[in-house]
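Both backbone and side-chain heavy atoms feed into the values below; hydrogens, waters and symmetry mates do not. Predicted model, so just to flag it, every value in this text is computed and none were measured.
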Amino acid sequence: MMNMNKVHVPHIETPIPGPRSQDALYEQGKYETSSISYPRSFPFAIKSIRDSVIEDLDGNLFIDWMTGISVLNLGYANFIRDAVKLELESTWHALEIPTEARINFLKALRSSFPQNMQQYKTIFGISGADACETAVNIAHTVSGKDASTIVFEGAYHGVSGGIISATYEKKYKTGNNSPGFKVVRVPYPGILWENHSVEDVIDQIKIAIAQNSVDSLLVEPILGEGGYVIPPHGFLKSLRKLCDENNIIMIVDEVQTGMGRTGKMWAFEHEDIKPDIVCVGKSVGGGIPMSLVYYREDYDDVLPSPFHLGTYRANPLALAAGTEVIKRTPAVIDSVVSRGNKLLKQFSEIESDTIAQVRGKGFMIGIELGYDGKPMDSKSMEKYKLGLIKNGLVMHTCGHYGDTFRFMAALNIDQELLNTGMEIFSKVVRTRW
């Protein structure tokens, strides 16, 4: 492994992809399905990752502003690695039987939520989709109704089983033949190329409630895959009020927004609301697959036993890593706020006629590109993405039109990597492809 302390990052010494990466990509293509997309978007093969630096097989070093799509909010840190190694000395699979790692995690998780939610219960899963699907199933079980769930345009809640119906984009549903849950879809406020106010959205939800049997509402505090869209302040409070008035269970999907990403431990805290159910995933396992649903304690009396089975739920290695992440995240929250505000300003001040809008909270920032009043086309976006990689910066895109770069670096990333990454991004985004 290259000594990263002695080499300037980024460090690009071969074309992208380099010869060894080309070989690895070819070998992967021989054996693995061609339906996967990331090797096409990120054409290199990984040798190792430390903190926020990716080393490929050819010795190139990249700044990581993607964190596995917000899966490693504290980066590839030694303390996560050490926690996993230590847990390996005990066990690495234990079903639902108590272990020290499990109890420690459950206690840490509960303490991470506001005081008025510290009697809630936890049920574990594997993925964000798993968590969201379980949350909707809990809501339907509690209501006892054959009812619909209110969901939003631009939403992404996973692509498996019943929850596929709640996800908005058709491209994610190709090849999935599940009928999904019953959903009623309404606009999400704040989307750049549309114009929906909070009041308009609330009115449309009221119409939906009047015309359908509805028992639940599923919402992202900030749209993730939908474009890092920040709704107007007061949106979540308005939803909470509407749910209370209509006996609707409010489910908040914190899979991408949670674990400190927005400058609060949980994004719903920005509006000081109390959800009935919270979906948690991605960074909660420190990079090891794990998700969970955190729900009102009175709902627990209604759930049958068993409910939502799975032999891999709450893997001890993920629990050990997750406990470290939960305990260490509060120490970086203030920095996420201050550095996030500075980054938002820096992105906004880039002089480029391709930037249509910059928006964000904390370390969840979207930079939407466009030209002549239209979203940037997908081919140009891929050229911009590859341009960033060739200059040593790894970023991903999102949004209905795929026209938004999303900043989702590790919350504890070294400041020098932020400064250098900003220089690279500014240079590349000012280029016309």
Side-chain angles (χ1 to χ4, degrees), residues 1-29 36-72 74-78 287 339 343 346-347 350-352 354-355 363 365-367 369 376 378-398 402-433:
M1 182 187 302
M2 182 181 297
N3 186 341
M4 296 182 187
N5 293 324
K6 295 182 179 180
V7 179
H8 178 73
V9 179
H11 174 79
I12 306 298
E13 60 181 50
T14 74
I16 305 298
R20 296 186 67 187
S21 287
Q22 288 184 47
D23 290 344
L25 290 164
Y26 173 75
E27 288 294 309
Q28 182 181 25
I36 59 174
S37 61
Y38 290 116
R40 291 190 291 273
S41 292
F42 303 97
F44 53 83
I46 295 172
K47 179 180 180 181
S48 66
I49 309 177
R50 291 291 186 274
D51 296 321
S52 293
V53 178
I54 301 170
E55 180 182 1
D56 76 3
L57 291 180
D58 298 285
N60 299 305
L61 301 179
F62 307 91
I63 298 171
D64 178 19
W65 275 11
M66 187 167 70
T67 57
I69 308 189
S70 216
V71 166
L72 292 120
L74 296 184
Y76 294 79
N78 285 331
R339 294 203 294 173
L343 286 163
Q346 289 176 314
F347 281 122
I350 296 173
E351 294 182 1
S352 172
T354 62
I355 295 180
F363 268 37
I365 300 174
I367 306 96
L369 305 191
M376 187 66 66
S378 59
K379 288 185 178 180
S380 294
M381 289 299 296
E382 284 300 316
K383 290 178 181 178
Y384 279 112
K385 187 189 295 184
L386 185 58
L388 292 174
I389 294 171
K390 288 180 176 180
N391 282 273
L393 179 64
V394 176
M395 291 185 76
H396 202 13
T397 54
C398 62
D403 61 345
T404 301
F405 276 108
R406 44 180 157 171
F407 171 81
M408 46 183 163
L411 310 183
N412 56 348
I413 187 173
D414 185 84
Q415 184 60 42
E416 184 177 348
L417 297 183
L418 285 183
N419 297 341
T420 304
M422 184 63 71
E423 292 173 6
I424 295 170
F425 185 84
S426 299
K427 179 180 74 173
V428 171
V429 82
R430 285 197 296 262
T431 305
R432 289 299 303 276
W433 300 93

Exercise. Measure from the side-chain N and O atoms of Tyr76 to the backbone N and O of Val53, and report whether any donor-acceptor pair falls under 3.5 Å.
Key: no
Exercise. In sequence, state the C-alpha distance, the side-chain angles, and the governing distance for Asp56 and Arg20, and then conclude on side chain to side chain contact (heavy atoms under 4.5 Å, CB included).
Key: CA-CA 9 Å; Asp56 76 3; Arg20 296 186 67 187; over 6 Å; no
Quiz item: In Å and rounded to the nearest 0.5 Å, what is the CE to CD1 distance from Met395 to Ile63?
Solution: 11.0 Å
Quiz item: Is the CD atom of Glu27 crowded by more than 12 outside heavy atoms at less than 6.0 Å?
Solution: yes
Exercise. Any chance you could lay out the side chain to side chain contact (heavy atoms under 4.5 Å, CB included) test for Val429 and Ile367, step after step, and finish with the verdict?
Key: CA-CA 10 Å; Val429 82; Ile367 306 96; 5.6 Å; no
Quiz item: Can the ring centroids of Phe62 and Phe44 be said to lie less than 6.0 angstrom from one another?
Solution: yes
Practice problem: May I ask you to decide if Asn60's main-chain N or O and Asp58's side chain share a donor-acceptor pair within less than 3.5 Å? | Solution: no
Quiz item: Measuring from Trp65:CH2 to Leu417:CG, what's the distance to the nearest 0.5 Å?
Solution: 9.5 Å
Quiz item: What distance separates His8 NE2 from Thr420 OG1, expressed to the nearest 0.5 Å?
Solution: 5.0 Å
Self-check item: Side-chain donor/acceptor of Arg406 to backbone N/O of Thr397, under 3.5 Å
Solution: yes
Self-check item: Closest non-hydrogen atom pair between Ala45 and Ala24, with its separation
Solution: CB-CB, 3.6 Å
Quiz item: Could you walk me through whether Phe425 and Phe405 pass the ring-ring contact (aromatic ring centres under 6.0 Å, His included) check?
Solution: CA-CA 10 Å; Phe425 185 84; Phe405 276 108; 5.8 Å; yes
Quiz item: Roughly how far, to the nearest 0.5 Å, is CD1 of Ile413 from CG of Leu74?
Solution: 12.0 Å
Quiz item: Looking at side-chain heavy atoms only, is the closest gap between Phe347 and Ile355 below 4.5 Å?
Solution: no
Quiz item: ring pair (Phe, Tyr, Trp, His ring centres under 6.0 Å) with Tyr38: which residues, sequence neighbours excluded?
Solution: His396
Quiz item: Which value, rounded to the nearest 0.5 Å, describes the distance between Thr404 atom OG1 and Met376 atom CE?
Solution: 11.0 Å
Practice problem: Quick one: pull up CD in Glu55 and CG in Asp64 and give me the separation to the nearest 0.5 Å. | Solution: 14.0 Å
Quiz item: Do side-chain atoms of Thr67 reach the backbone of Met408 as a donor and acceptor pair under 3.5 angstrom?
Solution: yes
Quiz prompt | Test: Glu382 and Lys385 ion pair at under 4.0 Å | solution = yes
Exercise. Let me see the working for Ile54 and Met66 under side chain to side chain contact (heavy atoms under 4.5 Å, CB included), right down to the final yes or no.
Key: CA-CA 11 Å; Ile54 301 170; Met66 187 167 70; over 6 Å; no
Quiz item: Has the side chain of Ser378 got a donor or acceptor atom that lies under 3.5 Å from a matching backbone atom of Gly402?
Solution: no
Quiz item: Can you tell me if Gln22 uses its side chain to pair, donor with acceptor, with the backbone of Pro17 under 3.5 Å?
Solution: yes
Quiz item: Looking only at heavy atoms, what is the nearest atom pair of Ile389 and Pro43, with distance?
Solution: CD1-CD, 4.0 Å
Practice problem: Look at the side chain of Asp403 and the backbone N and O of Met381, then say whether any donor-acceptor pair between them is shorter than 3.5 Å. | Solution: no
Practice problem: Show the numbers, then the answer: is there a side chain to side chain contact (heavy atoms under 4.5 Å, CB included) between Asp414 and Asp51? | Solution: CA-CA 9 Å; Asp414 185 84; Asp51 296 321; over 6 Å; no
Self-check item: Contacts of Gln415 that satisfy side chain to side chain donor-acceptor pair (under 3.5 Å) - sequence neighbours left out
Solution: Arg339, Asn419
